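Let me begin by presenting the structure, written as structure tokens, before commenting on it.
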Amino acid sequence: MAIEVRIPTILRSYTGGAKVVEGSGDTLNDLLTDLDSRHGGLRARLVTEAGALHRFVNVYVNDEDVRFLGALDAKLSDGDSVTILPAVAGGALGFAAAAAISRHSAAAGAIAQHNAGRRSPATAG
Amino acid sequence: MTGTASRSVSAGARLVGVLSIDRSIVDAIVAHARRDHPDEACGVVAGPVGSDKPTRHIPMQNAARSMTFYEFDSMEQLRLWREMDDRDEEPIVIYHSHTATEAYPSRTDIAFAGEPGAHYLLVSTREPDTEEIRSFRIVDGVVTEEPVRILDAGVDPHAVQSYMFGQSPATVDYECSGS
């Protein structure tokens with residue numbers, strides 16, 4: 001049975017540049033194994049060594065995010081369309097951010113203290 | 001730190017490209033970042049496939065609603081990526097704000113960057129009065145900064161100002177070109 005799979009730009013090196021490939025399988029897991037037999041390495045970009053769907057990718061069956069359909073156990077049927085997109089995410093989270101935020105907290109504390117001091121000079125410290 | 005590092009863009013080997021973008025779009029991105037501050041804001045500027053021209057600004061929800069993390073809502077992303085496909089567009093710019101730190105990709109940004117063809121535009125809103133706006137390519141974990149060229153289409157389409165924001169040593173403070 002044929003399932004259409006839409007491949008994002010970043011993974012087209014595994015499909016010879018193809019934007020759409022076909023595969024088969026009763027579940028997403030089976031489909032990815034089938035695809036990997038012709039497009040070696042693709043599966044490893046989507047599934048972690050622990051056997052879970054990678055956090056960095058979104059996979060959809062028709063119009064649904066597979067995270068709500070059982071992830072790798074999501075059932076597939078002939079004619080389904082699977083879309084793979086890189087998750088768009090990021091942000092300042094990290095050591096630098098934590099440091100900056102703690103500096104901001106320190107600054108806020110100093111300002112509060114300063115303001116309190118202006119209202120009541122005796123308590124300034 | 002040298003303040004005179006690169007007057008000339010061509011002298012900077014790491015400056016492989018340039019992001020050319022209309023001032024009206026930059027203004028809309030900054031307004032979005034300010035509106036969502038102190039949470040991080042995120043979005044896309046789409047443009048015709050292969051054009052490298054960002055023409056259509058689409059502010060996205062930050063599904064994480066966080067001050068230190070952003071994530072497109074997966075369903076909103078699917079709708080937008082399909083819409084771009086139908087219109088023969090691609091994500092030319094993917095932007096987000098940092099609200100307490102500099103406009104430079106974090107390790108998280110680098111780990112997640114999945115659009116090697118996109119300009120990753122970062123806006124820092126940590127200062128209330130000024131924005132730091134910088135653009136990067138992120139390919140296979142390698143970050144390359146590029147200048148931002150702001151086009152004043154409304155004023156004079158031939159008057160192009162190109163410069164980079166921010167205080168990095170590679171800053172091109174002001175450079176006019178006739179092209």
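Below, read A as the first sequence line, B as the second, and so on, with proteins coming before strands; counting in each chain starts at 1. Here the structure is a predicted model, which is why all the values come from computation and not from measurement. Heavy atoms only: backbone and side chains are in, while hydrogens, waters and symmetry mates are out.
- Both B:I58 and B:L122 belong to a common hydrophobic cluster when Ile, Leu, Val, Met, Phe, Trp and Tyr are linked at side-chain heavy-atom distances under 4.5 angstrom.
- The interface of residues 75-89 of chain B with chain A, defined by heavy-atom distances below 4.5 Å, comprises B:M75, B:Q77, B:L78, B:W81, B:R82, B:D85.
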Side-chain polar contacts of residues 37-44 of chain B - donor-acceptor pairs under 3.5 angstrom, sequence neighbours left out - could you list them?
residue, atom, partner, partner atom, Å
B:H37, ND1, B:T125, OG1, 2.7
B:E40, OE2, A:A92, N, 2.9

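- Between B:S74 and A:D65, the shortest heavy-atom contact is OG-OD2, 2.6 Å.
- Enclosure of atom CZ in B:R65 is not indicated, since only 12 or fewer non-hydrogen atoms of other residues, nucleotides or ligands lie within 6.0 angstrom.
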Can you list the steps and then say if B:Y70 with A:V88 is a side-chain contact (heavy atoms from CB on, under 4.5 Å)?
-> CA-CA 8 Å; B:Y70 81 95; A:V88 181; 4.0 Å; yes
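- Contact annotation for A:R55: both backbone and side-chain heavy atoms come within less than 4.5 Å of a heavy atom of chain B.
- Minimum heavy-atom separation, B:F69 to A:A89: CZ-CB, 4.0 Å.
- Between B:A111 and A:F56, the shortest heavy-atom distance links the atoms O-CE1, 3.3 Å.
- Nearest heavy atoms, A:P86 versus B:G114: CG-O, 3.5 Å.
- Contacts of B:A64 with chain A are absent, with no heavy-atom separation under 4.5 Å from either backbone or side chain.
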